[in-house]
K.L.:
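Okay, handing you the structure first.
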Amino acid sequence: MADPKNSPSLICRDTPKAMEFYARAFGATELSRFAGPDGKIMNAQMRIGDSIFMLTEENLEWDAKSPLSLNGSPVSVQIYVEDTDKVFNTAVAAGASVSMPVEDMFWGDRWGSVTDPFGHHWAIATRKKELNDDEMKRAAGEFFAKMQTA
């Protein structure tokens, strides 16, 4: 089993299908999988790029509820990739729904977000330019000024 350090842990309904989806959508690779006595996954680890995340099967008896049981999730997993558009389009083709289309954002990222079929939100980004504090303030001011006039 890999050392996950600080890693998100996603509770999924039908974790094996979620793992298949993450492999197709984001190129995630499986690192480990541990099933309990009932055959359901208690802990699995996957990697996207240099980041590890964990998964576990929804279990209402243990109050481990997936976003599908909670009617959504307030959490988003942010991944940085080489090509936002490519990963975004691959995720949508694999079954994710578009939450926000890909755009160049004022903070310097090319960014978009999707919701996977298991209810988890994924922000997909590529850093296009680094901004110092002054540049960020100016860009944010311009962005919010446009929002007020729209």
K.L.:
Using a 3.5 Å distance criterion without hydrogens, assess whether the side chain of Glu58 forms a donor-acceptor pair with backbone atoms of Ser66.
P.N.:
yes
K.L.:
Do Val77 and Val87 land in one hydrophobic cluster if side-chain heavy atoms of ILVMFWY residues count as linked below 4.5 Å?
P.N.:
yes
K.L.:
State the CZ-CE distance between Phe34 and Met54, to the nearest 0.5 angstrom.
P.N.:
14.5 Å
K.L.:
Do Met19 and Phe21 share a hydrophobic cluster (ILVMFWY, side-chain heavy atoms under 4.5 Å, transitive)?
P.N.:
yes
K.L.:
Which pair of heavy atoms, one from Ala94 and one from Arg24, lies closest together, and at what distance?
P.N.:
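Heavy atoms of Ala94 and Arg24 come nearest at O-NH2, 3.5 Å.
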K.L.:
My understanding is that only residues two or more places apart in sequence, or in another chain, count here; which of them pass side chain to side chain donor-acceptor pair (under 3.5 Å) with Thr115?
P.N.:
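Expected list: Ser99, His121.
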K.L.:
Should the pair Tyr22 and Phe26 be assigned to parallel (<30°), tilted (30 to 60°) or perpendicular (>60°) ring geometry?
P.N.:
parallel
K.L.:
Is there a path of hydrophobic side-chain contacts, each under 4.5 Å between heavy atoms, that joins Val92 and Ile79?
P.N.:
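As far as the 4.5 Å side-chain criterion goes, Ile79 and Val92 are connected within one cluster.
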K.L.:
Parallel under 30°, tilted from 30 to 60°, perpendicular over 60°: which one fits the rings of Phe53 and Trp122?
P.N.:
perpendicular
K.L.:
Please confirm whether the backbone N or O of Ala139 pairs with a side-chain atom of Glu142, one donor and one acceptor, at under 3.5 Å?
P.N.:
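Side chain of Glu142 to backbone of Ala139: no pair is present.
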K.L.:
Within the distance-only criterion (no hydrogens, no angle test), does the side chain of Ser73 pair as donor or acceptor with the backbone N or O of His120 below 3.5 angstrom?
P.N.:
no
K.L.:
Check whether more than 12 heavy atoms from other residues, nucleotides or ligands sit under 6.0 Å from atom CG of Asn132, and answer yes or no.
P.N.:
yes
K.L.:
Minimum heavy-atom separation for Phe88 and Met100, please, with both atom names.
P.N.:
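That closest heavy-atom pairing would be CE1-O, 3.6 Å.
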K.L.:
Treating Thr90 as the side-chain partner and Lys86 as the backbone partner, does any N or O pair qualify as donor plus acceptor under 3.5 Å?
P.N.:
yes
K.L.:
Would a single hydrophobic cluster contain both Phe144 and Met136, if residues Ile, Leu, Val, Met, Phe, Trp and Tyr are joined by side-chain heavy-atom contacts under 4.5 Å?
P.N.:
yes
K.L.:
Give me the one residue out of Asp85, Thr126, Asp83 that meets side chain to side chain donor-acceptor pair (under 3.5 Å) with Arg110.
P.N.:
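Testing Arg110 for a side chain to side chain donor-acceptor pair (under 3.5 Å) against Asp85, Thr126, Asp83 leaves exactly one candidate, Asp85.
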K.L.:
Answer yes or no: is there a side-chain heavy-atom contact under 4.5 Å between Glu57 and Met42?
P.N.:
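A side-chain contact is absent here, since even the closest heavy-atom pair is not under 4.5 Å.
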